[in-house]
Amino acid sequence: MKQQSLPFTISKQENFFDRLGEYIGDIFYDILPEQGYELRDEQIYMAYQIENAFKNKSTVFAEAGVGTGKTFVYLLYAICYARYMRKPAIISCADETLIEQLVKKNGDIEKLEKALGLTVDVRLAKAREQYVCMKKLDPLANQTDDEDILNVHEQIPDFVFEQGTSMQSFERYGDRKEYPWVSNEKWKKIAWDPIQQCSTCEWRHRSGQTLNREYYRHATDLIICSHDFYMEHIWTKESRKREEQMPLLPESSCVVFDEGHLLEFAAQKGLTYRFHSETLHSILTGYMSQDVREESLYLIEDILHLHEDWFTILSGSAQMVKGSNRKEVPRSTEMLSLVGKLEQKVGQLLEQLVFDSELFTIDPYHIKIIEEYLEFYSYGLAILLKDNQGIFWLEENDSETTFVIMPRLVEDILGEDVFSQKIPFVFSSATLAQAGDFSYLANSLGIKKYESFTVESPFDYDEQMKIYGQTVESNREQEKWNKIGNALNENHGHSLILFSSLFEMNEFREWANKQAWDFSIIYEGDREISESVHYFQTNPESVLCSFNLWEGLDVPGKALSQVVIASLPFPPEDPVFQAKRNHASDPLKEVDHPYMQLRLRQGIGRLIRSREDQGSIQILMTESQKKADFQVIEKLLPVDLQWI
């Protein structure tokens, strides 16, 4: 697509930022008010603060309350700067469920286009899990009678199955959003997953993710992705270049992190090592079938035996964690001794690969695949062996066992690989600071120098919002569900219920299925998420149940007049947060309360999305939480809480 011109004129004698400032001023003072938009001092203040970050190519934390119009601000600067630098801007959102919010019908980008007469070239860069995997779907379609999966297979374009088709006739397909009827559980059966070896897949050049990747690379204004995808791009950029592959994202003019407070976990997740019990076996047995030396064969046999013993120990010692699919694994002497032997043997095999490749009896590409996996395997083992460096857990289901290793700290790598770039980085959220201090977030991300500001919400919460508190005994789930049910019936639907986990939502669902309701209840995961949100927004007498949509959900108007917080959103007791607690001098103050406060503030922010909105928040907590935590909660509430 041809590079688009700036939306304002600039002569050779004029400075870009001077003209940009004048243009932004015209928009907020004249153009938008003429289009019926409200003149907001908070929005204008934010705009000129962000302009400084673009001028200085620096990092800025822009904490702006709900209703300040922060999305308009960062979009305007990102679009203009992208056109000036002739490189697209990256907008990184909290997760895959929220990137559609910006491009939805009547969303902020469409509103800007209409108000300013712009045509914005915006394209979505979604994670691989968001695309159908033909290597999984095609054989499954021949074995199943599941109508949902068969309907997906029927919608795959003909060229995908025709080997001789010219690439010029290829079209984009395979996006999760194209199959909204498929539940999350069924989608896992037909979507890409980390076990898939794309580099050797016969469907590779006709796969949905390949074609969509080729499309978004050519965006001239905006590329919108998730934090997870952006961090995957950062961590794989150099290795992909070494392998003569294109990085996942093109070089950008600037990066905006919407809901930037969630970036640290995405960075940890992006550096995660996932060991599937069967993957090493399939790769090494494939290697054994090649013409390799006897010494290499003995090493492979030793590694496979050690690997099998390792997973036997893991499965035998792993312990369930309530509300989590992550099983805790003790860091025992027996396990570490075995891992040490494994690392040594894998290192020896990597050395032998060099000799085997020099014999020219093995396909070089095949050697490259084996070497890449063994290096990945070795790096993960090294993190596990270092004391206090890794967080690890076990995931098990009917078909596979996976051991996961995640680095505990990522600030050094982020500081070097991300924030050392001399481009503007904008963090935008209503919740970035801890009691007005941005250093906690900056330190966790390895950011040494930054600018920051806070803008309060312009909404009159005293007039628009009521907050009610209810207590329940921790062991009386029936009482809790009854109280939530009463709140839903009294409000005739029109409600969002936020749960702390999928486990909690499923417990409510089991109870709710036995009740009679005068409205429909939608559960996250039953359909593609943007489809569920659209249904909720267009069917006001309904209820949306979610465990993910604490951030980013924007449903103004009658559809949402009540937010029910089913329990205080403390972090789970799983291995990731246990590791954080173990390395904190005061786990409650340093881990549990900051997480809960941030998530609670975000959840409350889902209710009032415009000056016309009215509604209530219902917060349920146990008696012990009321005694221990209410003083902490009270400080962050926009209005006084009334007990029922």
Side-chain angles (χ1 to χ4, degrees), residues 63 259-269 319-324 326-328 330-331 387-393 406-411 429-445 467 469-477 480 498-504 547-548 550-551 565-605 617 619-638 640-641 643:
E63 183 176 71
E259 307 297 354
H261 59 282
L262 299 174
L263 188 64
E264 181 192 10
F265 184 70
Q268 288 178 305
K269 188 177 174 183
Q319 300 171 348
M320 288 292 299
V321 177
K322 184 180 179 181
S324 173
R326 298 167 176 167
K327 293 185 176 181
E328 278 192 302
R331 199 168 182 271
D387 194 19
N388 294 329
Q389 293 297 306
I391 303 168
F392 50 90
W393 64 87
M406 172 190 286
R408 187 174 66 83
L409 300 173
V410 292
E411 67 263 34
S429 177
T431 53
L432 291 173
Q434 299 281 351
D437 183 7
F438 294 88
S439 60
Y440 176 83
L441 179 60
N443 293 338
S444 69
L445 297 173
I467 301 182
Q470 299 191 58
T471 58
V472 291
E473 291 301 325
S474 56
N475 59 347
R476 296 176 66 176
E477 292 295 307
K480 178 176 173 177
L498 292 171
F499 297 94
S500 295
S501 66
L502 171 62
F503 178 82
E504 184 182 37
F547 57 96
N548 268 328
W550 293 77
E551 290 96 1
I565 295 172
S567 60
L568 292 181
F570 280 101
E573 298 293 324
D574 71 7
V576 173
F577 286 97
Q578 282 298 91
K580 287 180 177 288
R581 294 182 185 103
N582 292 340
H583 291 87
S585 56
D586 188 336
L588 187 64
K589 287 185 178 179
E590 296 175 33
V591 179
D592 290 356
H593 273 163
Y595 179 95
M596 182 271 290
Q597 288 173 282
L598 189 149
R599 209 155 172 78
L600 187 58
R601 285 174 66 192
Q602 287 284 350
I604 291 170
I617 307 280
I619 303 176
L620 283 81
M621 65 186 82
T622 65
E623 284 284 358
S624 60
Q625 286 174 337
K626 179 182 176 181
K627 291 176 183 176
D629 306 311
F630 182 62
Q631 282 188 331
V632 173
I633 296 166
E634 193 174 28
K635 292 176 183 176
L636 60 87
L637 300 180
D640 291 339
L641 181 144
W643 292 101

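Count residues from 1 along the sequence.
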I'd like to check the side-chain hydrogen bond (donor to acceptor under 3.5 Å, both in side chains) partners of D437; sequence neighbours left out, ordered by chain and number. S439
What residues form a side-chain hydrogen bond (donor to acceptor under 3.5 Å, both in side chains) with K580, not counting sequence neighbours? none
Tightest non-hydrogen contact, residues R601 and L636, listed as CG-CD1, 3.8 Å
When you compare the side chain of D387 with that of R331, does any pair of heavy atoms fall below 4.5 Å? yes
What's the shortest heavy-atom distance between P571 and D592, and which atoms? CG-OD1, 3.4 Å
Using ring-ring contact (aromatic ring centres under 6.0 Å, His included) as the criterion, list what pairs up with Y440, not counting sequence neighbours. none
Side-chain heavy atoms of L637 within contact of I619, under 4.5 Å: yes
Under the criterion side chain to side chain contact (heavy atoms under 4.5 Å, CB included), which of D640, I565, I617 is the partner of I467? I617
Contact summary for W393 and P575, nearest pair of heavy atoms: CB-CG, 3.5 Å
Quick one, R599 and E551 - any side-chain contact, counting heavy atoms below 4.5 Å? yes
Once rounded to the nearest 0.5 Å, what's the spacing between atom CG of L600 and atom OG1 of T431? 11.0 Å
Can you find a pair of side-chain heavy atoms, one from D629 and one from H593, that are under 4.5 Å apart? yes
Is the number of heavy atoms from other residues, nucleotides or ligands under 6.0 Å of R476 CZ greater than 12? no
Given side chains that start at C-beta, do those of E264 and V410 come closer than 4.5 Å, heavy atoms only? yes
State whether E590 and R581 are salt-bridged, where the test is any N-O pair (Lys NZ or Arg NE/NH1/NH2 against Asp/Glu carboxylate O) under 4.0 Å. no
Main-chain N/O of I604 paired to W550 side chain as donor or acceptor, under 3.5 Å: no
State, to 0.1 Å, how close A566 and F499 come at their nearest heavy-atom pair, and which atoms those are. CB-CD2, 3.6 Å
side-chain hydrogen bond (donor to acceptor under 3.5 Å, both in side chains) filter on R326, not counting sequence neighbours, yields D574
Let me confirm one number: the CG-CG distance from L432 to L441, rounded to the nearest 0.5 Å. 6.0 Å
Where the side chain of E63 meets the backbone of A433, is there a donor-acceptor pair that is under 3.5 Å apart? yes
Distance, nearest 0.5 Å, that separates CD of Q597 from CZ of F570: 8.5 Å
What residues form a ring-ring contact (aromatic ring centres under 6.0 Å, His included) with F577, not counting sequence neighbours? Y595
Residues P594 and L588: closest non-hydrogen pair is CD-O, 3.9 Å
Residue pair E328 / V321: nearest heavy atoms and the distance that separates them: CG-CG2, 3.8 Å
Short side-chain donor-acceptor distance under 3.5 Å, S429 and E259: yes
M621 backbone acceptor or donor facing K626 side chain under 3.5 Å: no
Among residues at least two apart in sequence or on other chains, which ones pass side-chain hydrogen bond (donor to acceptor under 3.5 Å, both in side chains) with Q268? none
Would Q625 and M596 count as a side chain to side chain contact (heavy atoms under 4.5 Å, CB included) if you check the C-alpha gap in whole Å, the side-chain angles of each, and the deciding distance to 0.1 Å? CA-CA 12 Å; Q625 286 174 337; M596 182 271 290; over 6 Å; no
Separation between NZ of K269 and CE of M406, rounded to the nearest 0.5 Å: 8.0 Å
